[in-house]
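Just follow the structure's listing: the first ligand is 1, and inside any ligand the first atom is 1.
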Amino acid sequence: MRYTSTRGQAPALDFADVLLAGLAPDGGLYVPERWPTVSPDEIASFATRRYAEVATDIMARFIGDSIPRADLAAIVDAAYRDFDHPGIAPLRQLDAGEWILELFHGPTLSFKDYALQVVGLLFDHVLRRRKLHMTVVGATSGDTGSAAIEAVRDRDSITAFILHPEGRVTDVQRRQMTTVTSKNIHNIAVQGNFDDCQALVKQMFGDAAFRDRLRLTAVNSINWARVMAQVVYYFTSASALGAPNRVPAFAVPTGNFGDAFAGHVARRMGLAIPQMIIATNRNDILVRLLATGTYRKGAVFASVTPSIDIQVSSNFERLLLELENNDPAVVKARMGGLEQSGEFQISPAALAKMRAEFDGCAVSENQTLACMREVLTASGILIDPHTAVGVVAGRALWRERKTPMVYLSTAHPAKFPDAVAEATRGEAPLPRRLADLHQRPERFDVLPNDLAKVKAYVEARATS
Ligand SMILES: *Cc1c(COP(=O)(O)O)cnc(C)c1O
């Protein structure tokens, strides 16, 4: 399987090279040359197979002969071995026709573990085979950072620098990162917001000499391997509910659009998802795009759902390529416009295509908190605020009540104790593996939102 850049100016690569590259050298994102397919019989068979087996099966189609199948199977098995539910990504019924897809059974309690546990092991596998060392640089709005750190901690092949916006992640989120004191992990609190952190990372990648000297790589959701791993639970949950005969709709709390795009990929592979709902908080760039055809950066608002406080949804570039007739020149022009003026317009035809594939809804904080309260009262289930954003949006836009609705539950409520307290006056105890989190020592450095200073910090520690 070969991959090309959304901007069309980078050489085609195989999976292992795409994994290590993260962002393409022309600033674009890698996408597979074509979508592999899954037959209806295969989809039906997923219902009776272990999660790790299905994951290996689906990922093998994207990896091709880049990694031997037996090695991949061992990596995937190891990645999910420590998850605390035997179903890995179990469904839980919320109400008639409504299901929560629990994606918080990994080591850091967010859905990001589902991809990053695999990606960390894939990296280590490829780097060791090539006798290489690399520098991971990533920006996090909260959950990516800890999931990435857990995925690469203590690996000799990698040094990792994770930037988070100072004071804009929860205590639990920060501690999940900063209490990992492994030698190869460096936490940086940037005096700015998440988009500032993401811009710093993009600029470091934009400096070719710096990038090559340090062998920079990304593990944030622009890395194709992450999207690939997230495709799996769309298939497993749909099969559990009767696919291919009965395929559920999905509502996805969305920030960088990696998770929702993975659902789109599942569709392209043959899973006939009848409705995909993009659920955002006040930071609603994608919902505004659906309404107006204009993709325009807005100010970032801090909310009770910090992991989706994002006003530039990086993975949208992958969808844009498809919407614009797979013409990378158009993508390049549009993204250039975004950099120049903070916005671009998609063509009317592209907008029509997007509306045929996605619905979108921006959810207020009051709706989010009210939903957490209501779900707890009605079903006895405490959901995290991001999940609640999905539930509100899904219920508002659910087109066909005969179709089951699956809400992606992207985090465990214990990650967001303030929202839980505000919504329910209750507490969400941390699972056993994190029970002593607040007693563990922290290590991190605070840096200004200043590219030169951040680069100097990274350079001094990556090469020593
Ligand atoms: C990262 C994250 C999201 C958003 O996922 P994207 O792939 O960036 O759209 C939603 N919920 C939680 C809890 C997250 O950590």
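For ligand 1, the atoms lying closer than 4.0 Å to a non-hydrogen atom of Pro253 are 4 (C), 10 (C). The contact set between ligand 1 and Phe257, taken as ligand atoms under 4.0 Å from a residue heavy atom, comprises 6 (P), 8 (O), 9 (O). Listed by number with element, the atoms of ligand 1 under 4.0 Å from a non-hydrogen atom of Ala411 are 13 (C). Within the listing of ligand 1, atoms 3 (C), 4 (C), 10 (C) sit less than 4.0 angstrom from a heavy atom of Ile308. Taking a cut-off of under 4.0 Å to the non-hydrogen atoms of Thr254, the atoms of ligand 1 that pass are 9 (O). Taking a cut-off of under 4.0 Å to the non-hydrogen atoms of Gly258, the atoms of ligand 1 that pass are 6 (P), 7 (O), 9 (O). The distance from ligand 1 to the heavy atoms of Lys112 drops below 4.0 Å at these ligand atoms: 1 (C), 2 (C), 3 (C), 14 (C), 15 (O). Near Asp259, meaning under 4.0 Å from one of its heavy atoms, ligand 1 places the atoms 7 (O).
For ligand 1, the polar-atom distance check finds no N/O of Asp384 at less than 3.5 Å from any of the ligand's N/O atoms. On a distance-only criterion, Asn256 and ligand 1 share at least one N/O pair closer than 3.5 Å. Taking distance alone, with nitrogen or oxygen atoms compared against 3.5 Å, Phe111 stays at or beyond that limit from ligand 1. Distances between N or O atoms of Gly255 and those of ligand 1 include at least one value under 3.5 Å.
Side-chain atoms of Asn184 and Thr159 include no donor-acceptor pair closer than 3.5 Å. When only modelled atom types and interatomic distance are considered, Asn256 and Asn315 share no side-chain donor-acceptor pair under 3.5 Å. Asp17 and Tyr30 share no side-chain donor-acceptor pair at under 3.5 Å. In this model, no donor atom of one side chain and acceptor atom of the other lie less than 3.5 Å apart for Thr178 and Asn187.
Residue, atom and distance of the protein heavy atom nearest to atom 12 (C) of ligand 1 are Thr410 OG1, 3.3 Å. Looking only at heavy atoms of the protein, atom 13 (C) of ligand 1 is closest to Asp143 OD2, 3.1 Å.
Around atom NZ of Lys332, no more than 12 heavy atoms belonging to other residues, nucleotides or ligands sit under 6.0 Å away. Glu33 CD: more than 12 foreign heavy atoms inside a 6.0 Å radius. Other residues, nucleotides and ligands contribute only 12 or fewer heavy atoms inside 6.0 Å of the CD atom of Glu427.
Ile222 and Arg318 get closest at one heavy-atom pair: O-NH2, 2.8 Å.
Proximity of a side-chain donor or acceptor of Trp224 to a complementary backbone N or O of Arg226 within less than 3.5 Å is not detected.
Because its NZ or CZ atom is not both nearer than 6.0 Å to the ring centre of Phe205 and within 45° of the ring axis, Arg211 does not count as a cation-pi partner of that residue.
Using a 4.0 Å cutoff on heavy atoms, Phe261 does not count as a contact of ligand 1.
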